[in-house]
Protein chains: 4
Amino acid sequence: MSSIAPLTLADMESAARASMDAATWAYLAGGAGTERGIAGNLQALDNVWLQPRALQGGASASTECSILGTQLSLPVLLAPTSPQRLFHPEAELATARAALESGSISIVSTDTHFCFADIAEHAPQRCWFQLYAYSSRREVDASLDMAAEAGATALVLTVDASFSARRLSTRRAGFHVPPDIAFGTLRSLGIGDGSVPANGRMERLALSWQDLERLRRRWKGPLLLKGVLDPNDAQRGVDSGADGLIISNHGGRQLDAVVPSLWALRRIVAHIGRNRPLLLDGGIRSGTDIIKALAMGAHAICIGRPYLWGLALDGKAGVQTVLSLLHEELQDAMMQMGMACLEDIGPDCLVDPSGLGALPKSWRPRHE
Amino acid sequence: MSSIAPLTLADMESAARASMDAATWAYLAGGAGTERGIAGNLQALDNVWLQPRALQGGASASTECSILGTQLSLPVLLAPTSPQRLFHPEAELATARAALESGSISIVSTDTHFCFADIAEHAPQRCWFQLYAYSSRREVDASLDMAAEAGATALVLTVDASFSARRLSTRRAGFHVPPDIAFGTLRSLGIGDGSVPANGRMERLALSWQDLERLRRRWKGPLLLKGVLDPNDAQRGVDSGADGLIISNHGGRQLDAVVPSLWALRRIVAHIGRNRPLLLDGGIRSGTDIIKALAMGAHAICIGRPYLWGLALDGKAGVQTVLSLLHEELQDAMMQMGMACLEDIGPDCLVDPSGLGALPKSWRPRHE
Amino acid sequence: MSSIAPLTLADMESAARASMDAATWAYLAGGAGTERGIAGNLQALDNVWLQPRALQGGASASTECSILGTQLSLPVLLAPTSPQRLFHPEAELATARAALESGSISIVSTDTHFCFADIAEHAPQRCWFQLYAYSSRREVDASLDMAAEAGATALVLTVDASFSARRLSTRRAGFHVPPDIAFGTLRSLGIGDGSVPANGRMERLALSWQDLERLRRRWKGPLLLKGVLDPNDAQRGVDSGADGLIISNHGGRQLDAVVPSLWALRRIVAHIGRNRPLLLDGGIRSGTDIIKALAMGAHAICIGRPYLWGLALDGKAGVQTVLSLLHEELQDAMMQMGMACLEDIGPDCLVDPSGLGALPKSWRPRHE
Amino acid sequence: MSSIAPLTLADMESAARASMDAATWAYLAGGAGTERGIAGNLQALDNVWLQPRALQGGASASTECSILGTQLSLPVLLAPTSPQRLFHPEAELATARAALESGSISIVSTDTHFCFADIAEHAPQRCWFQLYAYSSRREVDASLDMAAEAGATALVLTVDASFSARRLSTRRAGFHVPPDIAFGTLRSLGIGDGSVPANGRMERLALSWQDLERLRRRWKGPLLLKGVLDPNDAQRGVDSGADGLIISNHGGRQLDAVVPSLWALRRIVAHIGRNRPLLLDGGIRSGTDIIKALAMGAHAICIGRPYLWGLALDGKAGVQTVLSLLHEELQDAMMQMGMACLEDIGPDCLVDPSGLGALPKSWRPRHE
């Protein structure tokens with residue numbers, strides 16, 4: 001890491017880019033097609049504005065929250081990513097440990113280099129298991145059992161990445177997964193031979209709502225859907241027993257011109273309310289972004305690329321630096337805005353230029 | 001063609017540009033006046049966003065459709081262009097053959113180098129005849145008879161290009177049609193002497209709604225109007241017996257600052273519904289663009305410049321590469337969005353930033 | 001003039017710029033303050049789109065119209081500008097002659113180099129007299145009498161330039177009116193000594209609505225107000241006996257951040273209708289711009305800077321080239337749009353991106 | 001100062017930038033985080049347009065107004081800034097003197113280099129005291145007594161800067177307050193030791209609405225809140241006895257992505273009306289900006305950075321140059337718009353592009 005301490009996540013991005021070869025960077029930074037989905041996430045956040053409250057007293061702000069029974073020191077989870085071994089030899093182990101020590105949660109991909117059991121051991125009660133369905137229903141069931149036994153505190157079913165995406169910048173850069181990277185969790189389940197196929201990905205099953213219902217019956221703990229963007233899907237997911245939703249467009253990595261996840265969040269909150277945890281994933285790069293997402297109705301957010309920048313730069317400590325910067329920025333912004341705790345953040349904190357008025361109040365924060 | 005396989009139509013555009021002289025490129029790429037019409041088509045498509053559905057199951061997506069009785073492997077037709085001989089010696093023959101082999105349709109201009117009968121022979125049941133009215137009513141009638149006899153499966157009456165346009169970039173580049181290019185179809189009809197006039201174009205007749213009615217009575221097969229942008233014109237066209245409409249602004253080649261065809265489509269669908277085939281033409285450059293057009297109400301789209309890039313690069317095979325890329329992109333986007341077939345695509349697939357809501361439901365897709 | 005014939009007004013602008021010194025160009029091109037008013041005029045026109053009609057038949061389009069009893073070959077008048085001697089020795093004489101020969105009207109400033117009587121002689125029935133009020137009521141009255149006697153067919157009272165403007169780019173360029181330029185009309189009236197003051201401008205009187213009423217009583221011919229932007233002012237002007245209005249922001253030369261005149265036109269048409277001639281002035285640079293203005297409700301438009309480009313390049317012939325280009329572009333655009341005459345142009349010709357619908361129909365064109 | 005007289009505040013900005021080291025400039029120009037708050041203030045002003053009235057007669061415009069009993073020669077106050085000693089050895093003394101001589105008011109920060117009593121002596125009846133709360137309630141009370149005794153004509157309670165901000169560009173530039181700068185006012189009150197801490201700032205108290213009520217009871221003169229952005233806060237402030245509000249986002253220096261103060265003003269005026277003086281602070285750079293703010297409902301505006309540019313360039317005279325330029329620009333714009341006095345400026349002077357109509361009339365200017 002540079003000798004000058006990073007002041008923002010963008011600083012870490014620059015340093016991380018400089019630290020790795022162009023092909024690996026292309027894989028990390030790239031997305032589907034022309035990458036309008038990536039740009040859209042960032043622009044959607046840029047186009048809302050914060051409105052502080054005056055004279056709220058108090059000389060501190062608490063960023064703590066609880067998501068599905070787990071206490072977090074800030075409303076930030078680590079989105080499932082893979083293969084983290086590209087960026088640091090300790091890969092998911094370092095990430096899990098960082099989550100534990102920083103009071104976050106690591107959502108661990110099915111496609112890890114290390115096996116889930118080992119990862120989960122590094123962060124007791126702070127690992128969620130993210131499920132990709134490979135091979136057959138039997139192996140999927142075995143995955144759930146393995147995850148439960150290893151102590152996963154929640155199951156995250158990704159619904160937006162059953163099919164390989166057209167990641168053009170990655171292809172153009174000639175990226176290939178190096179041979180020393182394995183699929184540790186899959187190997188532990190006897191799925192495939194544990195090595196990464198030439199194209200970097202194994203075939204996945206295309207899941208249906210019926211599959212969700214079956215998984216719901218089998219998995220006893222909290223279950224979340226990741227990749228929901230449509231309000232009707234959000235409702236159906238909740239009706240099917242999902243305990244929470246991760247509003248995500250996969251960071252613009254699956255579908256070009258995909259709707260920004262912030263807009264999807266807004267429409268979903270208006271449609272189904274906020275009775276279950278809603279997590280926003282996509283484009284969050286600062287503490288003020290977190291406030292925007294929470295004010296729009298999210299209970300917490302996920303970061304993906306940013307913590308990989310930290311991982312690449314300094315392993316566990318780098319991931320913690322990312323979380324620590326976000327914590328510092330979030331706390332600062334809350335204090336500037338007169339918010340003592342996350343429950344104070346609501347639609348009144350945002351001003352939407354389109355209407356030059358406050359956003360529609362699809363929900364009410366604590367104070368009202 | 002470059003040794004690296006193209007990943008997008010934009011790759012083919014760059015390669016095609018590099019493969020020809022500046023004046024020919026100016027003719028191919030240019031448009032009317034300041035070319036705001038060209039830019040508008042692209043920007044209108046860029047300003048809508050896709051919203052995928054979750055958990056739709058299924059491991060494939062069919063891009064097949066039927067337009068006026070012809071089965072297509074993807075909802076893409078080849079718009080009438082001329083003179084294709086500028087780009088490849090096999091000109092319209094190659095294009096027709098590519099349409100046949102790729103399961104598309106070639107809409108063959110009146111202004112072809114080869115004569116329509118020869119072209120149609122290369123793609124039985126897959127050539128439509130596009131009519132420009134030259135000379136007099138008698139010659140027009142003869143054109144229809146010729147086209148019918150040659151096996152044209154539909155007649156496309158272009159209504160937006162009766163008058164020469166002010167194509168400034170083309171003029172500035174000093175473009176002239178080379179002397180070895182002929183008007184084969186016109187020659188076969190005895191219109192003019194078959195050679196291309198100095199200004200590259202013969203005088204056309206300005207058609208009226210009465211002409212349409214006469215043509216409608218004479219032409220027994222399906223008849224479409226190309227170049228309709230106004231909702232009232234769309235209604236009148238259908239009332240006058242048009243079996244379908246091609247919503248087109250001639251790729252921005254006729255009128256500067258012309259309304260983007262995507263916006264015109266939206267207003268036309270709202271006004272006349274979707275009982276007849278509506279084809280969108282203008283600015284489509286990717287599979288996600290196709291989905292946007294279909295979600296906005298089109299049954300299929302036409303491409304013009306893109307297939308000429310392929311033709312210039314590799315004749316028939318190049319045109320097929322363009323269709324194949326679009327097919328691949330469309331199928332990928334459909335799978336990412338949870339759409340098993342084109343009928344699944346509807347207004348709910350789009351999010352419009354202006355209202356941050358779904359587009360008005362001017363029509364309902366299959367599922368509802 | 002360049003050996004290559006200009007294809008657009010922008011071509012003439014470039015050539016004119018190259019033909020004169022930087023300070024004179026700064027005076028010609030510049031405006032008030034940061035020149036947002038200049039940019040606004042252009043952007044407002046750029047943000048509306050044209051919607052053609054299909055199958056209107058007819059092989060020609062007439063651009064003729066009649067404004068206050070004068071037949072024009074195209075709906076374009078030459079706005080009052082001064083001092084034209086900066087650009088060509090024949091100055092206003094050349095402009096007047098060009099107006100006559102091209103079937104336009106020259107609105108002749110009070111601040112001309114040649115005296116109005118001489119100018120009017122060059123273009124019988126085609127000169128309007130634009131009034132700036134200098135000195136006192138007596139001299140103003142004398143101006144009217146002089147203009148009437150010289151054959152001015154209308155009086156244009158400018159209401160937006162009683163005070164010197166902050167033209168920063170002009171000041172920075174060190175522009176000064178050369179000593180060989182005189183105020184011929186003022187001299188003929190005995191106002192001042194006929195020489196141009198050091199700051200290039202004499203003190204004007206600030207006029208009131210009472211002044212207008214007095215002028216209205218004294219001037220027997222048609223009277224127009226130039227520089228009206230507010231709908232209430234437009235109404236009051238008409239109520240006070242104005243026969244027409246020139247909706248103008250003085251080309252952005254008087255007030256920075258002034259509302260684009262196209263927007264003002266739209267609001268004025270909505271407020272007072274179109275019973276009297278409404279002329280739009282500001283930012284018109286092409287035939288499609290003219291259609292936009294007419295579709296928004298104007299009966300004709302004025303150009304200022306563009307004809308001075310022509311004047312600088314080639315005197316009378318240069319002004320005619322500008323009018324001829326606009327005529328050619330307008331006729332072309334009308335034919336492309338299926339408009340046989342100016343009365344066919346109405347609100348339906350425009351699409352407004354903000355609402356993705358047609359503009360509100362504040363008025364009806366001939367066909368409805 | 002440059003030998004060429006500045007024509008705009010932007011000229012002074014350039015000259016000031018060139019006159020100081022990069023770190024000091026970073027402190028002066030910089031803001032919080034990515035500095036979107038700074039850009040937002042400027043863009044919000046840029047996105048409204050001015051609409052002049054015609055034929056209002058009168059050959060002059062008065063920019064005079066009265067704010068809380070003090071007569072001003074133009075509706076511009078000097079916002080509290082510190083430490084002014086960075087820019088000129090005479091610091092706040094020069095600023096106060098400039099305010100006095102130019103008919104403005106200097107709002108003097110708690111964090112001055114010179115002590116308030118000395119500053120106030122330089123501008124009798126033209127200094128307001130801006131309060132930051134340090135140390136304890138006792139010291140705050142002592143501050144008020146000191147300010148009252150020294151002749152402060154109003155108290156300004158800043159409510160948006162209790163906590164240090166993340167000023168990244170300032171940090172990156174390595175800015176530190178030089179050791180020869182003191183906290184004269186604080187020293188005079190026995191708060192701290194009068195030296196500036198290493199981080200350039202002492203810890204402040206976080207104030208509450210109860211604190212406001214207590215201050216309100218203790219301070220007998222007019223009291224304003226500075227930093228209000230929320231309409232409900234504005235109402236509560238007035239209900240709590242505030243005599244006026246300064247709508248400010250601290251020039252984008254405290255919170256990134258903070259709502260532009262112009263938008264906040266608009267919403268506050270709509271919510272609480274204009275019965276008490278409303279001052280806009282943030283982004284004002286010209287006379288037309290002042291008109292925009294007043295038309296949006298402000299009674300006057302504050303400038304911060306601009307007068308520091310003047311101070312840095314030429315001490316008292318430089319500050320006066322800034323005020324003089326604004327006066328000149330404001331008067332010019334009023335005359336161009338037909339406004340004889342500030343009371344003539346109202347919502348009808350603005351055109352809002354979003355609705356292409358006049359802004360909602362949340363209030364009425366004098367004439368109606």
Side-chain angles (χ1 to χ4, degrees), chain A residues 32-34 36-37 40 43-44 47 157-169 171-172 203-213 225-234 236-237 240 245 249-250 253-260 262-264 266-267 270 352 354-355 359-360, chain B residues 2 4-11 42-43 45-61 285-293 295 325-340 346-359 367-368:
Chain A
T34 62
R36 265 185 84 67
Q43 288 168 4
N47 275 331
L157 180 66
T158 296
V159 298
D160 66 359
S162 297
F163 312 104
S164 270
R166 292 178 64 82
R167 300 203 187 139
L168 306 179
S169 56
R171 276 204 236 173
R172 290 189 208 278
E203 200 67 28
R204 293 175 188 153
L205 303 177
L207 298 174
S208 67
W209 291 103
Q210 287 67 43
D211 292 315
L212 169 60
E213 281 162 22
L225 299 183
K226 174 168 180 286
V228 172
L229 293 170
D230 185 285
N232 294 315
D233 286 351
R236 186 161 179 185
S240 302
L245 302 174
N249 55 20
H250 218 103
R253 294 170 78 84
Q254 291 299 115
L255 173 68
D256 203 4
V258 66
V259 63
L262 190 75
W263 295 355
R266 180 171 174 168
R267 298 180 66 222
D352 173 12
S354 62
L359 296 174
Chain B
S2 148
I4 297 173
L7 295 179
T8 63
L9 268 55
D11 289 349
L42 302 176
Q43 288 168 5
L45 282 158
D46 266 1
N47 275 332
V48 284
W49 300 81
L50 298 177
Q51 182 169 288
R53 301 301 303 263
L55 293 170
Q56 296 297 307
S60 66
R285 297 292 178 265
S286 69
T288 47
D289 283 345
I290 298 175
I291 295 190
K292 290 172 181 179
L325 276 173
L326 286 176
H327 182 264
E328 205 176 311
E329 290 177 341
L330 174 59
Q331 194 166 42
D332 166 70
M334 290 175 68
M335 290 170 74
Q336 304 294 349
M337 293 181 70
M339 309 279 148
D348 281 340
C349 301
L350 295 185
V351 176
D352 173 12
S354 62
L356 280 185
L359 296 174
H367 275 1
E368 297 180 36

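In what follows, every chain begins at residue 1, and chains take the letters A, B, ... in the order their sequences are listed. Note that this is a predicted model, so its numbers are computed, not measured.
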Check whether any side-chain heavy atom of [X] sits under 4.5 Å from a side-chain heavy atom of [Y], and report yes or no.
{"X": "Gln51(B)", "Y": "Pro231(A)", "result": "yes"}
{"X": "Asp160(A)", "Y": "Pro52(B)", "result": "no"}
{"X": "Gln336(B)", "Y": "Arg166(A)", "result": "no"}
{"X": "Thr288(B)", "Y": "Arg36(A)", "result": "no"}

Closest heavy-atom contact between Gly58(B) and Ala206(A)? O-CB, 2.9 Å
Shortest non-hydrogen separation from Val259(A) to Trp49(B) and the atoms involved: CA-CB, 3.9 Å
Give the member of Gly237(A), Pro260(A), Gly33(A) that has the highest number of heavy-atom pairs under 4.5 Å with chain B. Pro260(A)
As an exercise, state the distance from [atom1] of [X] to [atom2] of [Y], rounded to the nearest 0.5 Å.
{"X": "Asp289(B)", "Y": "Thr34(A)", "atom1": "CG", "atom2": "OG1", "answer": "8.5 Å"}
{"X": "Trp209(A)", "Y": "Arg53(B)", "atom1": "CH2", "atom2": "CZ", "answer": "7.5 Å"}
{"X": "Arg172(A)", "Y": "Leu7(B)", "atom1": "CZ", "atom2": "CG", "answer": "4.5 Å"}

Tell me, out of Ile291(B), Asp332(B), Asp46(B), who's got the most heavy-atom pairs with chain A below 4.5 Å. Asp46(B)
Sort [X] into side chain, backbone, both or neither according to what part of it lies under 4.5 angstrom from a heavy atom of chain B.
{"X": "Arg236(A)", "answer": "neither"}
{"X": "Leu212(A)", "answer": "side chain"}
{"X": "Asp256(A)", "answer": "both"}

Could you go through Leu55(B) and Asp233(A), starting from their C-alpha distance and side-chain angles, then the distance that decides it, and tell me whether this counts as side chain to side chain contact (heavy atoms under 4.5 Å, CB included)? CA-CA 9 Å; Leu55(B) 293 170; Asp233(A) 286 351; over 6 Å; no
